[in-house]
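I have placed the structure first, in the form of structure tokens, so that the comments after it can refer back to it.
All chains are named by letter (A, B, ...) in the order of the sequence lines, taking the proteins before the strands, and each is independently numbered beginning at 1.
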Amino acid sequence: MSVTILIVDDEENARQFIGHFLTGKGYEVIGVGTLADARNCIQRGDGDSVLLDVNLPDGFGPNLLYETAHLPVRPPIIMITAFGDIEMAVDAMKNGAHDFLTKPIQLAQLEHSIQRACEIINMRRELAHLRQSQQQLARFIVGKSP
Amino acid sequence: MLLDRERNVILLANSSLLKLTACTQNELRGKPLSDLILDENEEPLQPGDERIVLVQCHAQESRPILLQANALDLDGQWLVLFLLPQKEEQKASEADRKKLVKELVELQGLFEAYELETALAKVLEIANTVLGSSVACIYQADSDAPKLNKIASAESTAVFPDSIPSTDLIRLATTGVWVVGKPVNTEIHGAGRAAKLSYVASTPLGYGEARFGLIAAGGEKKLPDEYLKEALELIGKIVSTALQQAILVENLRQENEKHERELAIRNQLTESAQEGILVADPELKIIEINPSAEIMLGYADREVRGQLLENILIGHEGLLSAMQTASKGIPIHNLGQISLHRRNGQSFPAYVQMIPVQNGEELQYILVFITDISEHEQIRLRTQQLEHRAFLGEFTAIFAHEVRNPINNISTGLQLLASRLEADDPSLDALGRMQNDCTRLDHLMESVLAFSRPIEPKIEPMDIGMLLNRILDRWRPRLSRLNVTSYFQVADDLPKVLGDARSLEQVFTNLISNAIEAMSKEGGTLSIRAVTSDVIANRPQVEITVSDSGPGIPDDIRDRIFEPFLTTKSGGTGLGLAITKRIITAHHGSISVNSFPGGTVFHVFLPADNGEEE
């Protein structure tokens with residue numbers, strides 16, 4: 001089962017290049033340019049992992065970290081910060097970001113980071129799957145008793 | 001004239017009578033007396049009677065005449081009637097003249113004793129007694145409209161209108177008397193007729209052609225024309241003089257007041273001017289110097305009075321020749337930057353102007369203006385430099401930031417290309433080098449950014465309500481001038497905001513100034529509100545809205561207003577909102593806009609201080 005990456009960046013070329021790269025690596029990609037669109041996608045459960053830029057036309061990117069904190073299953077969020085903005089990076093990590101990358105993005109690093117995100121995603125899926133089968137098993141044992 | 005008393009017919013008339021009445025002997029002889037004489041007294045004439053009667057004259061108006069009846073015979077069958085017109089008038093006017101002289105003496109005194117208005121009313125009362133009139137009033141020309149207004153009157157009931165057209169004054173340019181039966185061609189005559197007066201007399205006020213008013217008087221019983229005219233003219237002259245004088249005095253008073261005001265302004269200007277000002281007479285002796293000059297030169301005003309200018313203004317050689325030139329009446333507007341000496345010998349750079357003040361040909365004063373440019377120039381340069389540097393900093397920061405985006409994109413693109421090539425592809429090396437250059441450029445931009453950032457924001461808990469209030473206060477005069485109403489509301493329990501006061505001041509000054517500019521044409525409402533926001537559940541924020549009732553942001557640029565170098569104003573840099581957004585992002589806040597025709601609302605979200613250590 002494939003993993004969908006949500007790219008949130010207002011630079012269209014950035015979305016294109018990163019998108020092409022990730023598609024080439026076998027990921028599904030959704031690209032949006034605003035925080036509002038990103039919010040909608042996450043609410044629909046469209047992104048398994050999010051690649052998030054800081055500076056977006058309609059707001060402060062890291063706000064998405066706060067907004068998604070209450071979700072039962074938060075997709076791993078990889079922040080893209082400007083080079084040298086350590087404070088922002090630390091802040092992001094504190095607020096539950098999966099990773100941070102500085103610009104200009106090194107695609108190799110990006111791939112690495114996403115791979116790690118995928119491990120989490122897959123583990124979660126596995127966990128969910130196990131729970132489900134466990135539940136079914138439990139139901140199979142307990143249920144059907146007239 | 002000989003009269004048969006029994007038959008009441010005229011027997012004989014002498015030549016004087018014929019001349020007086022302009023009748024012939026035949027016309028009078030045998031006629032009843034009542035044909036010739038109108039007598040109010042119904043009693044038949046007795047010898048020794050003296051009466052004033054009206055004599056019907058041929059083709060002339062009837063005139064009052066003193067009639068003396070003398071018996072010719074013992075039983076008074078025949079009466080000799082003497083008609084004495086001259087004697088009567090003389091008698092009347094002699095008595096009146098005495099009265100008039102007395103009244104006139106009083107008249108002069110009136111203007112000294114009373115205010116103009118009261119004096120005029122009293123004059124008219126006297127005029128009524130002197131002229132035997134029942135109503136009298138004075139008109140004065142209106143300075144704004146072609147009419148004359150009644151300024152004083154002595155009327156028991158208003159007979160004369162409150163104002164009359166100035167054509168009346170033209171028609172009544174000379175002293176004259178209108179009597180019932182004569183054509184009415186002015187309003188005062190019309191008014192007299194309507195009030196059933198038997199006559200209306202008038203005389204213009206003023207001298208020669210310069211007439212500025214009119215006195216009118218009227219009554220039921222008319223005194224002789226000549227007398228009326230003379231008396232009225234006299235009163236007219238007196239009133240003219242008095243009014244003229246009153247006008248002159250009033251003008252003088254106003255002139256004086258104006259001068260006093262001008263003098264007050266001038267003194268204030270001189271006292272508070274930054275420039276040093278020296279006033280000298282044509283001999284170049286100092287008359288006075290202002291406080292700025294005292295400070296600049298180090299002399300007190302009283303020390304330098306009467307001193308020669310050249311002893312006080314010490315400096316460049318050109319200064320002396322400039323003084324000579326100025327004393328010839330030639331102004332020197334710019335002596336260039338010269339060096340002057342203070343009392344203690346210290347020199348300072350200054351601009352000097354010398355302006356002669358002339359009244360016609362005659363040189364009266366020489367004004368010397370000194371601008372001390374030492375301090376002035378330093379401050380000006382420093383301010384300018386700071387402004388430039390701050391702007392350049394912002395400009396560079398935004399520019400660098402904007403340039404980094406495409407560099408990063410190129411870099412990513414190159415990596416994408418590289419990732420698609422085989423590991424031994426010869427192009428890989430070139431791509432790698434290009435990518436290194438991108439990194440270099442990016443780092444370069446980063447150092448530019450670090451260098452251009454003028455002040456590192458100092459983020460600390462701060463009271464945003466107070467800041468907003470302070471900014472708004474500063475704009476208030478401008479708001480009222482542009483007819484903009486402002487509403488300001490801060491939630492009671494508003495938490496502090498984590499921010500840098502100076503940068504945030506820039507943000508809100510910018511937003512408010514934009515809002516006001518949008519409403520500068522028609523006025524409107526500016527409203528500023530600060531409330532706690534819980535848009536993001538576990539991240540307390542403060543939302544500040546700045547809204548205006550202006551025309552709104554055009555559709556085509558609404559989505560791009562935070563982009564740098566985008567401007568709709570002539571002379572705008574297009575950096576205002578870009579800087580605003582940059583500052584807000586640095587605060588980890590956000591800004592958004594709602595705009596529609598009829599208003600624009602900016603929402604600014606800033607992180608609230610929740611007491612945690614950041």
Quick one: closest heavy-atom pair of [X] and [Y], and the distance?
{"X": "B/Thr412", "Y": "A/Phe17", "result": "CG2-CB, 3.8 Å"}
{"X": "B/Gln415", "Y": "A/Ile105", "result": "NE2-O, 2.5 Å"}
{"X": "B/Gly589", "Y": "A/Phe60", "result": "O-CB, 3.1 Å"}

Fill in: Identified side chain to side chain contact (heavy atoms under 4.5 Å, CB included) counterpart of A/Pro104 within the set B/Leu441, B/Ile407, B/Asn408, B/Leu414
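For A/Pro104, the side chain to side chain contact (heavy atoms under 4.5 Å, CB included) check succeeds only for B/Asn408.
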Worksheet item: Going from CG on A/Asn13 to CG on B/Leu416, what distance comes out if it is rounded to the nearest 0.5 angstrom?
Response: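 Separation between the atoms: 11.5 Å.
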Worksheet item: Can you name the residues of residues 106-120 of chain A that have some heavy atom under 4.5 Å away from a heavy atom in chain B?
Response: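 So far as heavy atoms go, A/Gln106, A/Leu107, A/Ala108 are the residues that approach chain B to under 4.5 Å.
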Quick check on [X] against chain B: is it the side chain, the backbone, both or neither that has a heavy atom closer than 4.5 Å?
{"X": "A/His20", "answer": "both"}
{"X": "A/Leu35", "answer": "neither"}
{"X": "A/Glu11", "answer": "side chain"}
{"X": "A/Pro57", "answer": "backbone"}

Worksheet item: If we only count heavy atoms from C-beta on, is the B/Arg539 to A/Asn95 side-chain gap below 4.5 Å?
Response: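 SC-SC contact between B/Arg539 and A/Asn95 ruled out.
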Worksheet item: Are the side chains of B/Asn405 and A/Lys103 in touch, meaning some heavy atoms are under 4.5 Å apart?
Response: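 When only atoms from C-beta onward are counted, A/Lys103 and B/Asn405 do touch, with a gap below 4.5 Å.
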Worksheet item: Out of A/Asp58, A/Leu56, A/Asn55, which one racks up the most heavy-atom pairs below 4.5 Å with chain B?
Response: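 Among the listed options, the one with the most contacts to chain B is A/Asn55.
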Neighbour count >12 (heavy atoms, 6.0 Å) for atom [atom1], [X]:
{"X": "B/Arg433", "atom1": "CZ", "answer": "no"}
{"X": "B/Arg558", "atom1": "CZ", "answer": "yes"}
{"X": "B/Phe399", "atom1": "CZ", "answer": "no"}
{"X": "B/Arg529", "atom1": "CZ", "answer": "no"}
{"X": "B/Met466", "atom1": "CE", "answer": "no"}

Answer with side chain, backbone, both or neither: which region of [X] has an atom nearer than 4.5 Å to a non-hydrogen atom of chain A?
{"X": "B/His401", "value": "side chain"}
{"X": "B/Gln435", "value": "side chain"}
{"X": "B/Arg560", "value": "neither"}
{"X": "B/Ser411", "value": "side chain"}

Worksheet item: Which of the residues B/Gly413, B/Pro406, B/Cys438, B/Ser592 is involved in the greatest number of heavy-atom pairs with chain A at under 4.5 angstrom?
Response: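 Sorted descending by pairs with chain A, the first entry is B/Gly413.
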